[in-house]
Amino acid sequence: MARAGLTPERLARAGAELADEVGFDQVTVSALARRFDVKVASLYSHVRNSQDLKTRIALLALTELADRAAEALAGRSGKDALAALANVYRDYAREHPGRYAAAQLRLDPETAVASAGVRHAQMTRALLRGYDLTEPDQTHAVRLLGSVFHGYVSLELGGGFSHSAPDTDVTWARILDALDTLLRNWPAPGEPPTDPRG
């Protein structure tokens, strides 16, 4: 019989907390059972296996991130919106490293389409419309922003910038300046970028 009070949602939240403590890769149904002091079999009434649990944690993280991003972007545009979105990802990764890692989990197409990942793409595209980008450049820019945000955050969390000056906050601000300049001066296909200094 399933332990009273255990639900898939509660297990996903507890799994997310565990991921933040020990790392997303270390989250398993067995580890979660130890946390609740129950037998592993009692959790299988709520999750199919560790992959199902990790998918649920990923969906939770994507929803939390999307909710934060929507709140941060409200009423903003241009560089202000760009910085707000970038800071949501960076702050979330710092506060919830395990959840942030979960948000990168590759989902099957059906699950991905039903997830909050769609909201992330919509918000990024809305931000980019403020820079007058149309397709296919909008998609190129979505990929660029995702690569820069995730790359920087991952390197920073891994300690990659901790042994040299300047401070990582200073570099982050300069990167956002550079991205804003690039988005305002997006090059046409096959053309070199326009020098914003004239």
Side-chain angles (χ1 to χ4, degrees), residues 16 19-20 23-24 57-107 112 115-189 191-198:
D20 286 338
F24 183 58
I57 296 168
L59 294 174
L60 170 69
L62 286 168
T63 298
E64 289 179 345
L65 261 171
D67 290 345
R68 284 191 184 198
E71 184 177 341
L73 287 170
R76 299 177 191 263
S77 63
K79 185 182 175 190
D80 195 28
L82 175 67
L85 182 65
N87 287 327
V88 163
Y89 286 108
R90 187 176 183 224
D91 292 345
Y92 188 81
R94 288 168 148 184
E95 293 168 32
H96 302 292
R99 283 172 163 92
Y100 180 77
Q104 314 308 315
L105 182 71
R106 184 172 187 159
L107 303 173
S115 78
V118 174
R119 288 173 58 204
H120 290 267
Q122 290 169 339
M123 285 185 279
T124 305
R125 287 179 185 279
L127 180 160
L128 291 170
R129 282 194 290 275
Y131 287 97
D132 294 324
L133 288 181
T134 56
E135 288 298 357
D137 289 330
Q138 200 176 92
T139 296
H140 299 321
V142 167
R143 292 171 179 171
L144 171 70
L145 294 181
S147 299
V148 173
F149 297 165
H150 178 63
Y152 192 88
V153 165
S154 297
L155 288 168
E156 185 178 35
L157 286 177
F161 307 137
S162 58
H163 304 294
S164 61
D167 184 80
T168 56
D169 287 342
V170 174
T171 302
W172 182 248
R174 296 294 291 135
I175 286 172
L176 296 181
D177 287 342
L179 286 173
D180 175 62
T181 299
L182 173 61
L183 292 171
R184 284 188 285 107
N185 298 279
W186 193 264
E191 293 182 9
T194 303
D195 187 340
R197 295 169 295 183

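Every heavy atom of this structure was used, including side-chain atoms; hydrogens, water molecules and symmetry mates were not. Throughout, numbering of the chain's residues begins at 1 and tracks the sequence.
- Of all heavy-atom pairs spanning S115 and A112, the tightest one is OG-O, 2.8 Å.
- Within the model, atoms OG1 of T168 and CG of L155 stand 11.5 Å from one another, a figure rounded to the nearest 0.5 Å.
- For the residue pair E135 / T139, a side-chain donor-acceptor distance below 3.5 Å is found, with atom types taken as modelled.
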Let me see the working for L107 and L59 under side chain to side chain contact (heavy atoms under 4.5 Å, CB included), right down to the final yes or no. CA-CA 9 Å; L107 303 173; L59 294 174; 4.0 Å; yes
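- Rounded to the nearest 0.5 angstrom, D132 CG and D137 CG are separated by 12.0 Å.
- Listed for the D180 side chain is no donor-acceptor partner under 3.5 Å among the backbone atoms of G78.
- The closest donor-acceptor contact from the side chain of N185 to the backbone of T181 lies under 3.5 Å.
- Minimum interatomic distance between L176 and A86 (heavy atoms only, all atoms of both residues): CD2-CB, 3.6 Å.
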Evaluate side chain to side chain contact (heavy atoms under 4.5 Å, CB included) for R90 paired with F149, printing each intermediate quantity in order. CA-CA 7 Å; R90 187 176 183 224; F149 297 165; over 6 Å; no
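- Side-chain contact between L145 and L82: present, with at least one pair of heavy atoms (C-beta onward) separated by less than 4.5 Å.
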The test is side chain to side chain contact (heavy atoms under 4.5 Å, CB included); show your working for Y92 and V153 and say whether it passes. CA-CA 10 Å; Y92 188 81; V153 165; over 6 Å; no
Check the pair Q122, V118 against side chain to side chain contact (heavy atoms under 4.5 Å, CB included), reporting the backbone distance first and the verdict last. CA-CA 6 Å; Q122 290 169 339; V118 174; 3.7 Å; yes
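- H120 places a side-chain N or O within 3.5 Å of a backbone atom of L62 that can act as its donor or acceptor partner.
- Side-chain atoms of W186 and L144, non-hydrogen and from C-beta on, do get closer than 4.5 Å to each other.
- The shortest heavy-atom contact between G98 and F24 is O-CB, 3.6 Å.
- One finds a salt bridge joining R94 and D169 here, because a Lys/Arg side-chain nitrogen approaches an Asp/Glu carboxylate oxygen to under 4.0 Å.
- Within the 4.5 Å cutoff, side-chain heavy atoms of P187 are placed close to those of L182.
- W172 and N87 are linked by a side-chain donor-acceptor pair at a separation below 3.5 angstrom, with hydrogens and angles left out of the test.
- The line from CD of Q104 to OG of S154 is 6.5 Å long, rounded to the nearest 0.5 Å.
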Start with the C-alpha distance between Y89 and Y100, add both sets of side-chain angles, then the distance that settles ring pair (Phe, Tyr, Trp, His ring centres under 6.0 Å), and finish with yes or no. CA-CA 8 Å; Y89 286 108; Y100 180 77; 7.2 Å; no
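- The CZ atom of R129 lies 10.5 Å from the OG1 atom of T124; values are rounded to the nearest 0.5 Å.
- Listed here is the closest heavy atom pair of A102 and A58: O-CB, 3.1 Å.
- Of the charged side-chain nitrogens involved, at least one lies within less than 4.0 Å of a carboxylate oxygen, so that K79 and D177 count as a salt-bridged pair.
- Annotation for D20 and P97: closest pair OD1-N, 3.5 Å, computed over non-hydrogen atoms.
- Under 4.0 Å is where a charged nitrogen must lie from a carboxylate oxygen, and between R68 and D91 no such pair does.
- For the pair D167 and F161, the minimum side-chain heavy-atom distance is 4.5 Å or more.
- Between R119 and T63, the closest heavy-atom pair is NH1-O, 4.3 Å.
- A donor-acceptor pair under 3.5 Å links the side-chain atoms of R76 to the main chain of A72, judged by distance alone.
- E71 has its side chain out of reach of V88: every pair of non-hydrogen atoms, C-beta onward, lies at least 4.5 Å apart.
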